[in-house]
Every structure is written in structure tokens, then in C-alpha cells.
Amino acid sequence: MSLTYNETVIALCEFFEVAFHTIICLRHVYPPQVFARRKKYDAPVFQSRSPSLNEYISSSIKAIGKELVVGNVKSVVVVIKDRRDIALERFVFSVQTIVDVDAEHRDTPIPDAMTRASLEQHFRSFLVRLGTAEAQMSENVETDELSFALVLEMKEEAVPSEVPNEQDPVPWLPAVAQHTTAGTSEESEVYMVRAVETGVINFSLAIQESKEKSQHQRVDKGKGKEKAT
């Protein structure tokens, strides 16, 4: 049976969560012992063992889901950054909602939409391609001082669907401009990983290695030459 709108959103959020854990592991943001090797969608993935990290990612996914279900999301970005809070890499999940479904019909199967099994096959291909693309990326210089951020980019004129109470933590803060896709330099290296048309919400993944990352590497090579002389 084809997926409903809500089922597509839930499946996509599950995929984002798996991908976020795997990206953070592969890019050495934390020591490898923080992660356990798992299998999801019949593909090798990684999952954090840290309760605080798991809670942070899980709460972020819930906030993403609330905006995704109302069609507010333009892209979700995993930013790998250095100790100066400079984005070195961006993993950009672009989203395009292609059907307008009112709240009353979001649990009704959509004609021509994918089945759950078909969508999970695409998720598997995404994760395999992600591992291949990541292996081709250059290493970051300051691997012991990396951190990450999750950036939610909204459609133009879209506002958060929920206003938090004063007692609740604010789910999102204004993003650092350089962390966003709009802050990407023309000198950045961009790799397209994969794109999928689900019949409900289309999505794609691209990897950006920033100009600042290349500058770090040139400086590091220069220091290596100085030491060798």
C-alpha cells in the first residue's frame, strides 16, 4: 500500500536520525568508542552510546518533524565545525513537499506514492552512497576539537509552527550565517550524494566542504614544511 503523508514524514524523520548519528561518527566529532555499529535498512550505520547526545538528536528530530508535517522545511543541515565555530563541512538534506494535503487527509494513502518497502530501499542506497562519498572527503585538521550543529532552514516567509511556552526550552535558535547554505562560498567543494522522488516529499543530500576547511589544510601543510626544514 502506498504511504500516507504522515507516514512519509515519520519515515523521513527516522532516516534523518539514523543519518545524523552516522555522519557525526564518520566525521570523527567524537571518539569512535562513543558509537556502536548497527544495521538499519539493511545498511551498516552507527548509533551513539551517549544518552545526552541521543536526547539532543532525538529532540531535534521531533522539532524537525513538526515543521516538516506543515511543509515549512527547505533543508536540514548537519554542520561540522571547528573550535572557532567555523563551518568546515555541511551535509545538506534538501526537502521539497510536492503534494498539498490538508490535516484531515494526512493519514490517507496517497495515489502514486511509494510503499514503505520501496522508500526504505532508497534510504539504504542513500546510506551506502553517503559512506562512499564520505570516504572520498579530506580529513579535518583539528579532529580533536570538532563539534557539530543542526541547522533547520525554513521556506521563505515561513515561521515556526509552534510558539514555545516560557517554561519550555526554545527548540531552535537563530543560525550562524556561515553555517547555513546561504553562507556557502563559491569556492566550496560540493558533492551530490543522491536524490529521491517519493511522490509526496522529495529529498536529496549534498555535501559541502567549505573554503575555510581548505584554508585550514593549506596552513597545516605550511606548518609541516616549516618543521621539516
Side-chain angles (χ1 to χ4, degrees), residues 9-68 73 75-93 95 120 123-124 126-153 160 162 164-165 167-176 178-180 193 203 205-210 212-213 216:
V9 170
I10 291 170
L12 195 52
C13 286
E14 289 175 356
F15 169 70
F16 283 158
E17 188 162 12
V18 172
F20 293 173
H21 280 263
T22 300
I23 289 167
I24 294 164
C25 174
L26 293 176
R27 299 316 292 157
H28 311 297
V29 176
Y30 299 101
Q33 58 267 28
V34 173
F35 297 88
R37 192 176 182 89
R38 297 281 190 264
K39 182 171 281 192
K40 182 70 172 178
Y41 313 121
D42 201 29
V45 298
F46 294 92
Q47 182 179 29
S48 160
R49 303 175 191 267
S50 167
S52 58
L53 177 57
N54 293 348
E55 176 58 29
Y56 172 74
I57 294 176
S58 178
S59 63
S60 298
I61 291 295
K62 289 177 183 176
I64 291 169
K66 289 178 181 178
E67 304 305 330
L68 194 59
V73 179
S75 59
V76 182
V77 188
V78 182
V79 181
I80 308 300
K81 54 185 183 170
D82 67 10
R83 59 186 174 84
R84 292 174 292 276
D85 208 35
I86 300 296
L88 304 177
E89 301 165 352
R90 303 177 191 86
F91 291 76
V92 183
F93 295 86
V95 175
E120 290 188 353
F123 289 157
R124 179 186 181 280
F126 255 92
L127 293 169
V128 171
R129 290 285 295 274
L130 172 62
T132 302
E134 187 278 335
Q136 296 173 346
M137 297 171 65
S138 59
E139 291 295 330
N140 287 301
V141 175
E142 301 173 346
T143 54
D144 57 338
E145 298 185 17
L146 296 176
S147 61
F148 79 98
L150 299 177
V151 176
L152 176 63
E153 298 187 341
E162 291 189 4
N165 297 321
Q167 296 82 7
D168 296 334
V170 179
W172 298 102
L173 298 173
V176 176
Q178 195 264 344
H179 292 177
T180 67
V193 177
F203 62 100
L205 172 60
I207 301 173
Q208 300 172 349
E209 294 188 277
S210 71
E212 290 79 5
K213 177 179 178 178
H216 284 2

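Position 1 is the first residue of the sequence; numbering continues from there. Just so we're clear, the structure is a prediction, and the values are computed from it rather than from any experiment.
The nearest pair of heavy atoms linking R90 to S210 is NH1-CB, 4.1 Å. Heavy atoms only, all atoms of each residue included: I64 and V73 are closest at O-CG2, 4.2 Å. Minimum heavy-atom separation, I207 to A133: CD1-CB, 3.9 Å. Heavy atoms only, all atoms of each residue included: R124 and A43 are closest at CG-CB, 3.9 Å. Of all the heavy atoms in A175 and V151, the pair that sits closest is CB-CG1, 4.0 Å. Summarising the geometry of V193 relative to R129, their closest heavy-atom pair is O-NH2, 2.8 Å, with the distance given to 0.1 Å.
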| task | Would you sort out whether V45 and K39 count as a side chain to side chain contact (heavy atoms under 4.5 Å, CB included), showing the intermediate values? | result | CA-CA 5 Å; V45 298; K39 182 171 281 192; 5.7 Å; no
* Output, in order, the C-alpha distance, side-chain angles, deciding distance and verdict of side chain to side chain contact (heavy atoms under 4.5 Å, CB included) for K40 and E120. => CA-CA 9 Å; K40 182 70 172 178; E120 290 188 353; 5.9 Å; no
Quiz prompt | Candidate pair V176 and D85, rule side chain to side chain contact (heavy atoms under 4.5 Å, CB included), full reasoning | solution = CA-CA 9 Å; V176 176; D85 208 35; 3.8 Å; yes
- Message: Quick one, I23 with F46, criterion side chain to side chain contact (heavy atoms under 4.5 Å, CB included). Give me CA distance, side-chain angles, the key distance, then yes/no.
- Response: CA-CA 8 Å; I23 289 167; F46 294 92; over 6 Å; no
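Annotation: side chain of I61 is in contact with side chain of E17 (closest heavy-atom distance under 4.5 Å). The closest side-chain heavy-atom distance from L205 to L130 is below 4.5 Å. Taking the side chain as every heavy atom from C-beta outward, L68 and V95 approach each other to under 4.5 Å. K81 is not listed as a side-chain neighbour of L146, based on a closest heavy-atom distance of 4.5 Å or more. Side chains of F148 and L53 form a contact here, defined as non-hydrogen atoms less than 4.5 Å apart. Inter-residue side-chain proximity for Q47 and F35 is flagged as unmet; no heavy-atom pair is nearer than 4.5 Å. Annotation: side chain of V78 is in contact with side chain of L150 (closest heavy-atom distance under 4.5 Å).
With rounding to the nearest 0.5 angstrom, the CZ atom of F123 is 5.5 Å from the CG atom of L12. Within the model, atoms CD of Q208 and CZ of F91 stand 10.5 Å from one another, a figure rounded to the nearest 0.5 Å. Distance CD/E89 to OG/S138: 7.0 Å, rounded to 0.5 Å. Within the model, atoms CZ of R27 and CD1 of I24 stand 12.5 Å from one another, a figure rounded to the nearest 0.5 Å. With rounding to the nearest 0.5 Å, the separation of OG in S48 from NE2 in H21 is 6.0 Å. In this structure, CG in L88 is found 9.0 Å from NE2 in H179, a value given to the nearest 0.5 Å.
One N or O on the side chain of R49 and one on the backbone of Q33 form a donor-acceptor pair closer than 3.5 Å. The main-chain N or O of V128 is found under 3.5 Å from a side-chain atom of T132 such that the two form a donor-acceptor pair. In terms of modelled atom types and a separation under 3.5 Å, the side chain of T22 and the main chain of V18 share a donor-acceptor contact.
The aromatic rings of F20 and F93 sit perpendicular, their planes meeting at an angle over 60°, well past the 30° parallel limit.
Judged by distance alone, the side chains of S52 and S50 do bring a donor and an acceptor atom under 3.5 Å apart.
Separation of the Y41 and F126 ring centroids does not fall under the 6.0 Å cut-off.
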